[in-house]
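Written out below as structure tokens is the structure these notes cover.
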Amino acid sequence: MKSIAILGGGVVGLALARELAAHKLRVTVFDPQAPGLEASWAAAGMLAPDSEKHPDRHFRALQVAARDGYPEYVAALEKETGRRVGLRTDGLLMMSPKGTVKDALREPELVWQPALFFPGEYSVDNRLLCAALAQSCKKHRVEFVKAAATRVERSGEVLRVSSEARVLAEADAVVNSAGAWSGRISAQDGRHHVNLDIRPVKGQICAVRADGWKLRYMVRDEHVYLVPREDGRIVVGATMEDVGFDKSVDSGVIAKLLEGAAKLVPKIRNAPIVESWAGLRPASRTGLPLIGATTIPGYYVSVGHLRNGILLAPLSAQLLGQIILGGKTPELLKPFLP
Ligand code: GLY
């Protein structure tokens with residue numbers, strides 16, 4: 001195999017493009033926008049499997065492996081690109097009004113008792129991460145084409161990728177990594193059709209600026225999370241809304257998020273809001289990702305990462321990369337094969 005088309009240039013597509021280009025494949029990424037501008041841009045960048053408490057044990061194993069591999073992945077990316085991506089490894093405080101653990105952590109801005117401290121929860125500045133991945137991709141000669149692919153058809157030995165208007169490319173393999181939009185791409189080979197059942201789950205989220213004070217740890221409860229950034233911003237998120245392709249921001253909803261955040265960290269009340277936005281997480285019917293080959297030879301998917309796209313992108317890329325390059329299916333991926 002020589003050429004590969006990646007449909008969707010979010011963090012999942014970018015990480016995969018980088019992985020495959022490093023293995024000398026000719027990679028083209030198709031996206032109607034510049035890379036990393038949808039859910040990958042909107043995310044909070046939490047790498048937090050322990051406090052997410054996902055009930056599926058196979059998914060937890062994937063999350064934990066992804067988190068454990070992050071520092072090394074980031075170190076290599078930062079070294080290669082000369083960019084920082086804001087990885088923070090201080091940990092996370094899960095707060096509860098009926099705290100069971102005494103505050104031994106000297107975090108001065110907290111009011112509620114931390115119920116649990118998760119020292120291994122990390123965060124990354126997802127916008128910086130995507131910029132670094134895009135730079136690395138360009139260095140590896142990945143081509144970026146601004147177009148929305150909607151159709152994939154196998155024709156003889158190649159897969160033809162088209163938009164509504166025209167044929168975009170022919171490639172030896174195609175990966176659908178189009179996030180919340182991945183269900184809009186239909187694929188066929190004469191015998192099989194592959195149409196993905198992926199829907200958007202909206203998250204409204206905002207950022208405040210901490211002037212003259214700092215939050216060291218991520219802080220969360222069951223409703224709201226606070227993710228400090230290196231530059232003094234604190235990201236406060238996020239809603240989960242099943243409302244279709246709607247990215248509007250409601251000031252009342254943002255006010256509620258901030259109210260919830262101020263219960264945990266009172267200084268939030270006086271912190272200036274610097275940004276509010278919304279993004280669309282990609283959700284499969286089960287809420288679990290689908291990563292791997294499909295019934296159409298050469299057509300792969302990496303979709304449905306929902307609340308864990310930033311966390312899972314590097315590992316998904318490495319594992320799916322192994323499959324695409326002809327290796328054995330990694331055990332960790334077996335529960336998530338389409
Ligand atoms: N990972 C947190 C969120 O999706 O809101």
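The analysis underlying the following values was restricted to heavy atoms, covering all of them including side chains, and did not include hydrogens, waters or symmetry mates. Numbering of ligands and ligand atoms starts at 1, following listing order.
Figure legend: R18 and Y73 shown as a cation-pi pair, the cationic atom lying under 6.0 angstrom from the six-membered ring centre and within 45 degrees of its axis.
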What short N/O contacts, under 3.5 Å, does ligand 1 make with the protein, listed by atom pair and distance?
residue: ligand 1; atom: 1 (N); partner: R307; partner atom: O; Å: 2.8
residue: ligand 1; atom: 4 (O); partner: R281; partner atom: NE; Å: 2.8
residue: ligand 1; atom: 4 (O); partner: R281; partner atom: NH2; Å: 3.4
residue: ligand 1; atom: 5 (O); partner: Y225; partner atom: OH; Å: 2.6
residue: ligand 1; atom: 5 (O); partner: R281; partner atom: NH2; Å: 2.7

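Identified under the ring-ring contact (aromatic ring centres under 6.0 Å, His included) test for residues 163-192, with sequence neighbours left out: W181-F245.
Through direct or relayed side-chain contacts under 4.5 Å between Ile, Leu, Val, Met, Phe, Trp and Tyr, V152 connects to L7, F30, V145, L159, V161, L168, V174, I185, V194, L196, I198, L290, I296, Y299, V301, V303.
Ionic pairing of R220 and E121 is not present here: no N-O contact between side-chain nitrogen and carboxylate oxygen is shorter than 4.0 angstrom.
In this model, no donor atom of one side chain and acceptor atom of the other lie less than 3.5 Å apart for T81 and Q135.
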For residues 322-338, tabulate all N or O donor-acceptor pairs below 3.5 Å that involve a side-chain atom, not counting sequence neighbours.
residue: E331; atom: OE2; partner: K334; partner atom: NZ; Å: 2.7

